[in-house]
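Each remark here refers to the structure printed beneath this line.
Chain letters run A, B, ... following the sequence lines, proteins first and then strands; every chain starts at 1.
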Amino acid sequence: MHHSIFESAEARGIFKDERFLYPEYIPEKLPFRESQIAEIAGSLKPLLRNGKPQNLFIFGPSGTGKTVTARYVLRELEEYASKVKGIYINCFEFHTRNAVLNKLCLALGNAVPRRGLASDEIYNEFVHALKVKNVAPIVVLDEADQLIRDKTASQLLYDLLRITELHSIHLGIMLISNIRDTLAMLDDRVRSSLSALTIEFNQYTPEQLKQILHERARNAFFEDAIEKDVINLAAAQAAKCSGDARIAIESLLAAGRIAEKEGAKKLSVVHLKKAFERIKPRALEKASPHLDSCEKEILKIMCEHEKIFSGELYKAYCSRCKQAISERSFRDKINRLAELNILSVRGATAEIRGRTREIMLAQPKEAIIELLKGD
DNA sequence: AGTCCACAGGAACTGGTGGTGA
DNA sequence: TCACCACCAGTTCCTGTGGACT
Ligand SMILES: Nc1ncnc2c1ncn2[C@@H]1O[C@H](COP(=O)(O)OP(=O)(O)O)[C@@H](O)[C@H]1O
């Protein structure tokens, strides 16, 4: 009998199928999101009979299932009617009018160059592709706050709204954000013609988290390969992190891998606790692929200071960097890191005088150091 | 009250990149 | 091939402002 190196001699392993714990996995059922699913589906349903859909604004804290719910509904609609085409865009990656239009064209199979073309030309290309392909598009702009910071965001939404008016192609727009007043930054006219229906995603309670995890774990692990308290502990940890289901699911996956590596027969709370140490806080997890070298340098400096004033921080940065950016750009970097909830910034109080700002890390230092490893 | 310091942030511009069309 | 144009991150130049010090 041949033994592959992927099988240890006796153990059959812990995972029945670990894919059920992958972040991109979309479950068959989403417990406790039935009403949101119904509301989203109901809003978009008119597309099925060439009608005008209700645009949506979805907000709630991290890990409350906004993304997975949106994808779930898109999948259902696409399966039901092949005309419907869900286009999912993460605005961390595509955060300007041009970049989003580019991605929209790509999604319809019309690759256009990343640079060199005017936005209007890409827009025309997109409209053309829509007509030719005869699809009913639903555009999902996830992490929409990253887009709406940009001055071109209003123009982009105006473009999308105009498609309906000028070409009578109906198009659904779904904006997702964890900030309640994301839309406030939009142009008044665009906001009112968008007239998005707001759907709120609340934090999961510990009890709800437990049930969600049970469901996912049942498919992912062999039934007798997981100690009873593991799920409860994972749920409790997620509850601590403001009800973030992603933390819990990621921890289970990491714990299972640790257990298999150790050759354990059962996944225990010890494995899970080890996994917790490896899980990044959500703000860092989301932002880390999108930080540039300057922002990383700022974080490096911040690891050495409990708190520091803005002017001092810039001086410290200049003394370390050969090619330092200007002080003006530096301020924008600080503001971005603050918006990402990685830095916290306080201005004018009793102790902080003048117009300077006091800057601190908003995330655990250890997690930042971990993130900066490898460069 | 007036002035200055030190910084915030708006607006206009620039330079690198990479298209188009003659 | 070579003007010419668009995008966009970053720069330059600027005005605004809270508090300290006259
Ligand atoms: N009701 C649910 N049932 C099953 N899994 C869920 C549920 N809600 C969230 N999840 C899972 O939690 C993780 C985080 O969800 P996500 O949609 O990314 O949250 P958000 O977009 O709100 O930050 C994903 O892996 C998702 O599959």
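- Once you apply a 4.0 Å limit to the heavy atoms of chain A, the touched nucleotides of DNA chain B run 5' to 3' over dC7(B) to dT20(B).
- Contacts of R216(A) classified as side chain to side chain donor-acceptor pair (under 3.5 Å), with partners at least two apart in sequence or in another chain: none.
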Quick one, give me the B/S/- string for nucleotides 6-15 of chain C, reading 5' to 3', where B means a protein heavy atom under 4.0 Å from the base and S means that only happens at the primed atoms, P, OP1 or OP2. SSSSSBB---

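- The residues E24(A) and R71(A) are annotated as not salt-bridged, no charged nitrogen and carboxylate oxygen being separated by less than 4.0 angstrom.
- Residue pairs meeting the side-chain hydrogen bond (donor to acceptor under 3.5 Å, both in side chains) criterion with at least one member in residues 233-253 of chain A: none, sequence neighbours excluded.
- Between the side chains of E93(A) and H290(A), no donor-acceptor pair of N or O atoms lies under 3.5 Å.
- D142(A) contributes atom CG, which lies 7.5 Å from atom NZ of K286(A) (distance to the nearest 0.5 angstrom).
- The side chain to side chain contact (heavy atoms under 4.5 Å, CB included) check on R19(A) picks up D17(A), Y22(A), with sequence neighbours excluded.
- Residue pairs satisfying the side-chain hydrogen bond (donor to acceptor under 3.5 Å, both in side chains) criterion with at least one member in residues 361-370 of chain A, sequence neighbours excluded, are listed as follows: E370(A)-K373(A).
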